[in-house]
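Worksheet: one structure, shown below.
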Number of protein chains: 2
Amino acid sequence: MTAKEKNLYEAKAKVLKALAHPTRLWMAEQLSAGEMCVCEFVDQVDADFSTISKHLSVMKQAGIVEDDKRGKQVYYKMKVPCVMNFMGCVEAVIKSNAKDQAALVK
Amino acid sequence: MTAKEKNLYEAKAKVLKALAHPTRLWMAEQLSAGEMCVCEFVDQVDADFSTISKHLSVMKQAGIVEDDKRGKQVYYKMKVPCVMNFMGCVEAVIKSNAKDQAALVK
DNA sequence: TAAACATTTGGCTATTTTGCCAAATATAAA
DNA sequence: TTTATATTTGGCAAAATAGCCAAATGTTTA
C-alpha cells in the first residue's frame, strides 16, 4: 500500500469514526432532518454541554457537519447529507444479527 | 431517549466502529470483491498476523463479515454487502474536505 | 459597562482500543 | 505421531477516546 493510499484509508476511517458513537450518531440523524443549535442538543442529550460541543466538533473536523454562529447560538447542519443514507444498511446488519441471535435459541 | 432506543444507537455505532479503522476498512473493501483467507491478508497487510486476526474478529462480532474454516485456512467474506455502498459517500466527504482545504490557500 | 447566556477550550482521569509477543489450538503433511 | 502451517486467544503496554469540571470567549441584554 502506497503512502497515498494509506492516507486515503485513514481519511475514510476518520469519517466513519466521527459517526461511530451512539450520541454522535443520534445527533447526526437529528441534523439530517434539519439544522439544530447546540442548545437544543443540550436539552435533549443526557451529557454535559461541553461533551456535546466536543462531539459536534468531532463531526465538524471530519467534514460531516458545518456550523453557523447566529447571535448567541451556534447552529449545526449536515454538510454531506448522503452520509445518513447508509443507516438503512446499518440497520440491515442489526437485523441480520438479531436473526442470528434468534436462531441460537430456536 | 428510551433504553431501547439507546440500545439501538449503541448497536448502530458498533457496526460503524467496526469499519472505522484504516486496516479494517481496507480489508472490508477487499472482501466486498470476494472472499479471502486470513493468510492473504497476512501477506498484504503490514501488521502482525494476530493483529489481522483480531481486526477480522471485530468485524465478525459486528456482523459485517462471516468466516468459514476450510482445511488449515479460514476464509472471510462480507455478510451484508451493502455496507460498502456507503463508501462512495465517504469519498464525497473526503472530496468536500479537500475542496475546503484548497479554498484556504486560494 | 456589567451581568447573563451560549458555546468552546484546557485539563484531568477513566475507559477503550491498538498492536505486539507468546502461548494455545486445530488441521494437514511428513 | 511428530512436525509444519494457519489461526485464535491471552496478556500487556502504549495510544486514543470519552466525559466531567472549570475557565475562557464571544454575544446579547439590562
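The basis for the numbers below is simple: all heavy atoms, side chains too, and nothing from hydrogens, waters or symmetry mates. The model shown is predicted, which means the values in this text are computed figures rather than measured ones. Chain identifiers are assigned alphabetically (A, B, ...) following the order of the sequence lines, protein sequences preceding nucleic acid strands; residue numbering begins at 1 within each chain.
- A salt bridge between K6(B) and E10(B) is present, with a side-chain N of the basic residue lying under 4.0 Å from a carboxylate O of the acidic one.
- Side-chain contact between N85(A) and M87(A) is absent, with no heavy atoms from C-beta onward closer than 4.5 Å.
- Considering only residues two or more places apart in sequence or on other chains, K54(B) meets the salt bridge (Lys or Arg N to Asp or Glu O under 4.0 Å) condition with none of them.
- One can place CD of Q44(B) at 16 Å from C1' of dA6(D), the figure rounded to the nearest angstrom.
- For residues 50-90 of chain B, the ring pair (Phe, Tyr, Trp, His ring centres under 6.0 Å) pairs, not counting sequence neighbours, are F86(A)-F86(B), H21(B)-H55(B).
- R70(A) comes within contact range of no nucleotide atom at all, as no heavy-atom separation falls under 4.0 Å.
- Counting heavy atoms from C-beta on, the side chains of V93(B) and V83(A) come closer than 4.5 Å.
- Salt bridge status for E35(A) with R70(A): present, with a side-chain N to carboxylate O gap under 4.0 Å.
- Taking five base pairs at each end of the helix from dT1(C)-dA30(D) to dA30(C)-dT1(D), the local helix axes there meet at an angle of 10°, rounded to 10°.
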Please enumerate all protein N or O atoms sitting under 3.5 Å from an N or O of nucleotides 7-9 of chain C, with distances to 0.1 Å.
| residue | atom | partner | partner atom | Å |
| --- | --- | --- | --- | --- |
| dT7(C) | OP1 | V38(A) | N | 3.3 |
| dT7(C) | OP1 | C39(A) | N | 3.3 |
| dT7(C) | OP1 | V74(A) | N | 3.2 |
| dT7(C) | OP2 | C39(A) | N | 2.7 |
| dT8(C) | OP1 | Y76(A) | OH | 2.8 |
| dT8(C) | OP2 | S53(A) | OG | 2.5 |
| dT8(C) | O5' | S53(A) | OG | 3.3 |

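- Against DNA chain C, the stretch residues 16-23 of chain B makes heavy-atom approaches under 4.0 Å through K17(B), H21(B).
- Rounding to whole angstrom units, CG of residue D46(B) and P of dG19(C) are separated by 11 Å.
- If you take CG of D43(B) and C1' of dA6(D), they are 12 Å apart, rounded to a whole angstrom.
- Evaluation of the side chain to side chain donor-acceptor pair (under 3.5 Å) rule for E91(B) yields K12(A) as partners, not counting sequence neighbours.
- At a threshold of 4.0 Å, the pair K69(B)-D67(B) does not count as salt-bridged, since none of the basic side-chain nitrogens sits closer than that to a carboxylate oxygen.
- Between M84(A) and L25(A), some side-chain heavy-atom pair lies under the 4.5 Å cut-off.
- Here H55(A) does not reach the OP1 or OP2 of dT17(D): none of its side-chain N or O atoms lies under 4.0 Å away.
- Contact annotation: the side chain of N7(A) never approaches that of K4(A) to less than 4.5 Å [non-hydrogen atoms, C-beta and beyond].
- Put simply, the side chain of V38(A) does not reach to within 4.5 Å of the side chain of F49(A), judged on heavy atoms.
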